[in-house]
A.B. asks: 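The structure follows.
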Amino acid sequence: MKPIRWGLIGASTIAREHVIGAIRAQPGGEVVAVMSSDAGRARDYATANGIPNAGSDLAGLLSRGDVDAVYISTTNELHLAQALAAAKAGKHVLCEKPLALTVADALAMVEACRKAGVVMATNHHLRNAASHRAMREAIKAGRIGKPLAARVFHAVFLPPHLQGWRLDRPDAGGGVILDITVHDADTLRFVLDDDPVEVTALAQSAGMAKAGLEDGVMAAIRFKSGAVAQLHDAFTVKHAGTGFEVHGTEGSLIARDVMTQRPIGTVTLRTAAGDTLLPLDDEGLYVRALRQFHAAVRGEGQPAASGVDGVWSLATALAVLESAKAGRVVRVAPGL
Ligand code: NDP
């Protein structure tokens, strides 16, 4: 099988903890180079992760003939320019969420990739979880009747090694809404197979985030079908556990421990007939995302979450942010 060779843009934690391994888990998946803003950091990162080439020059990485695709996992304000440059260089693009800081910028990234004829994906790992896929399938099969409402519990404790730019850099897209609410928005769209229309939200700064950033939020979202969803996201909550529920006219789906990076958790289908645990596989979320991405590069499918999906999740999160600031209902405007 022809290899798919990756360049990493950003010497990040997420690449080290999840994505490098997911690339290497694919037949033909290779990581050939890493780029950091700091040459020394790039070298150290390359050595620590067994990557043969390192540098601090984006143009240098993108001019490499042995790089087919790039994974962008820098801080969020950098994604736009890096994605545009990668598309121009003819590289396929897997970009971290949020795609950018404005919807217009995210749309420009999608358009640049479309024009260049390269695959673009957003790294929304949660729609790759067996739990969320099982919920989507159960809803499509009519097992809960018509979905009326969803509840997302995604209030967690930001681990100490990630307590950096998310808490004090508004310019980098810090704050819990651009970090976690984007994932909820994508997962809700995926599970419900529905698009958000409007949101209302209250945010808090409960002592962890600084510089005007929020570290907790509760929001309500109305979808096109009329279904409503509520979510609670936070960096500050140590012991709540996570969950995702969908309640329909004939039954409920109750998932626990599923807003996570690992293939864990349970999904219970509850109807008049009683409770049934849905069977779940345990494929890694990022491994599946990379598998789909590689298939798309080979012309054999679509990425799990496209660039357009990333535009939707960003538009929803920005509406939540605006609603929390302005104190009113805000329409979700993906500009598509
Ligand atoms: P990190 O803070 O680990 O990395 C972001 C950037 O910070 C890196 O590109 C690097 O810059 C710089 N950096 C990292 N470590 C250091 C250090 N020790 N000293 C100096 N600079 C450092 O962020 P994350 O990996 O948590 O997040 C990166 C992106 O991935 C974000 O867009 C985030 O939203 C997204 N993300 C997505 C997840 C998902 O599941 N989809 C999960 C976690 C994050 P440089 O490259 O220039 O060296």
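Any value given below was found using the heavy atoms of this structure, including those in side chains, with hydrogens, waters and symmetry copies removed. Atoms within a ligand are numbered from 1 in the order they appear, just like the ligands themselves.
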A.B. asks: With heavy atoms of Ser37 as the reference, note each atom of ligand 1 found under 4.0 Å away.
C.D. replies: 45 (P), 47 (O), 48 (O)
A.B. asks: Could you work out, for atom 10 (C) of ligand 1, the closest of His125, Arg41, Glu17 by heavy-atom distance?
C.D. replies: Arg41
A.B. asks: Shared ILVMFWY cluster between Ile254 and Leu231, side chains joined below 4.5 angstrom?
C.D. replies: no
A.B. asks: Which of the atoms in ligand 1, numbered in the order shown and given with their element, are less than 4.0 Å from a heavy-atom of Ser36?
C.D. replies: 45 (P), 46 (O), 47 (O), 48 (O)
A.B. asks: To which of Ser73, Gly40, Ser56, Ala172 does the heavy atom nearest atom 5 (C) of ligand 1 belong?
C.D. replies: Ser73
A.B. asks: Report yes if some heavy atom in the side chain of Lys97 is under 4.5 Å from a heavy atom in the side chain of Asp179; otherwise report no.
C.D. replies: yes
A.B. asks: Test the Arg136-Phe190 pair against the cation-pi criterion, namely NZ or CZ under 6.0 angstrom from the six-membered ring centroid and within 45° of the ring axis.
C.D. replies: yes
A.B. asks: If you measure every N/O of Ile14 against every N/O of ligand 1, is any gap under 3.5 Å?
C.D. replies: yes
A.B. asks: So, is Glu96 polar-close to ligand 1, with some N/O to N/O distance under 3.5 Å?
C.D. replies: yes
A.B. asks: Quick one: which ligand 1 atoms are inside 4.0 Å of a heavy atom on Gly10?
C.D. replies: 9 (O), 46 (O)
A.B. asks: For Ala11 and ligand 1, answer yes if some heavy atom of the residue is under 4.0 Å from a ligand atom, otherwise no.
C.D. replies: yes
A.B. asks: Check whether any heavy atom of Tyr45 sits under 4.0 Å from an atom of ligand 1.
C.D. replies: no
A.B. asks: Tabulate below the donor-acceptor pairs under 3.5 Å that side-chain atoms of residues 318-325 make, not counting sequence neighbours, or state none.
C.D. replies:
from	atom 1	to	atom 2	distance (Å)
Glu322	OE2	Arg328	NH2	2.9
Ser323	OG	Ala201	N	2.9
Ser323	OG	Arg328	O	2.7

A.B. asks: Starting from atom 7 (O) of ligand 1, find the nearest protein heavy-atom neighbour and note its residue, name and distance.
C.D. replies: Thr75 CG2, 4.4 Å
A.B. asks: I need the nearest protein heavy-atom contact for atom 32 (O) of ligand 1: residue, atom name and distance, please.
C.D. replies: Asn76 OD1, 2.6 Å
A.B. asks: What atoms in ligand 1 come closer than 4.0 Å to a heavy atom of Leu162?
C.D. replies: 26 (O)
A.B. asks: Does any part of the side chain of His79, heavy atoms only, come nearer than 4.5 Å to the side chain of Leu99, both counted from C-beta?
C.D. replies: no
A.B. asks: Looking at Tyr286, which atoms of ligand 1 are within less than 4.0 Å of one of its heavy atoms?
C.D. replies: 39 (C), 40 (O)
A.B. asks: Under 4.0 Å from a heavy atom of His79: give me the atoms of ligand 1 that qualify, with their elements.
C.D. replies: 32 (O)
A.B. asks: So among Val308, Val93, Asp309, Thr122, which one has a side chain to side chain contact (heavy atoms under 4.5 Å, CB included) with Val110?
C.D. replies: Val308
A.B. asks: Heavy-atom contacts under 4.0 Å between Arg166 and ligand 1: side chain, backbone, both, or neither?
C.D. replies: side chain
A.B. asks: Among Asn76, Asn123, Thr74, find the residue that satisfies the side chain to side chain donor-acceptor pair (under 3.5 Å) test when tested with Glu96.
C.D. replies: Asn123
A.B. asks: Is His124 touching ligand 1 with its side chain, its backbone, both, or neither, if touching means heavy atoms under 4.0 Å apart?
C.D. replies: neither
A.B. asks: Under the salt bridge (Lys or Arg N to Asp or Glu O under 4.0 Å) criterion, do Glu30 and Arg5 qualify, and how do the steps go?
C.D. replies: CA-CA 5 Å; Glu30 295 173 18; Arg5 301 158 301 177; 5.6 Å; no
A.B. asks: With Asn128 as reference, evaluate Glu283, Arg288, Arg133 under the side chain to side chain donor-acceptor pair (under 3.5 Å) test and give the passing residue.
C.D. replies: Arg288
A.B. asks: Could you tell me the residue and atom name of the protein heavy atom closest to atom 33 (C) of ligand 1, and the distance to it rounded to 0.1 Å?
C.D. replies: Lys97 O, 3.7 Å
A.B. asks: Looking only at N/O atoms, are Thr13 and ligand 1 under 3.5 Å apart anywhere?
C.D. replies: yes
A.B. asks: Quick one: do Asp195 and Lys224 satisfy salt bridge (Lys or Arg N to Asp or Glu O under 4.0 Å)? Show the steps, please.
C.D. replies: CA-CA 6 Å; Asp195 289 327; Lys224 268 186 197 145; 3.3 Å; yes
A.B. asks: Anything under 30° is parallel, anything over 60° is perpendicular, the rest tilted; go ahead and classify Trp6 against Phe293.
C.D. replies: tilted
A.B. asks: Enumerate the atoms of ligand 1 whose separation from the nearest heavy atom of Ser12 is less than 4.0 angstrom.
C.D. replies: 3 (O), 4 (O), 25 (O)
A.B. asks: Tell me, do Val332 and Glu198 make a side-chain contact under 4.5 Å, heavy atoms counted?
C.D. replies: no
A.B. asks: Side chain, backbone, both or neither: which part of Ile9 comes within less than 4.0 Å of ligand 1 when only heavy atoms are counted?
C.D. replies: neither
A.B. asks: Picking from Gln292, Arg291, Arg298, what satisfies side chain to side chain contact (heavy atoms under 4.5 Å, CB included) with His294?
C.D. replies: Arg298
A.B. asks: Please report which non-hydrogen protein atom sits nearest to atom 2 (O) of ligand 1, along with the residue it belongs to and the distance in Å to one decimal place.
C.D. replies: Trp165 NE1, 2.9 Å
A.B. asks: Please confirm whether His18 approaches ligand 1 to less than 4.0 Å, judged on its heavy atoms.
C.D. replies: no
A.B. asks: At less than 4.0 angstrom from any non-hydrogen atom of Thr74, what atoms of ligand 1 do you find?
C.D. replies: 9 (O), 28 (C), 29 (C), 31 (C), 32 (O)
A.B. asks: Hey, which of Ile177, Leu202, Asp184, Ile180 is the one that makes side chain to side chain contact (heavy atoms under 4.5 Å, CB included) with Val217?
C.D. replies: Ile177
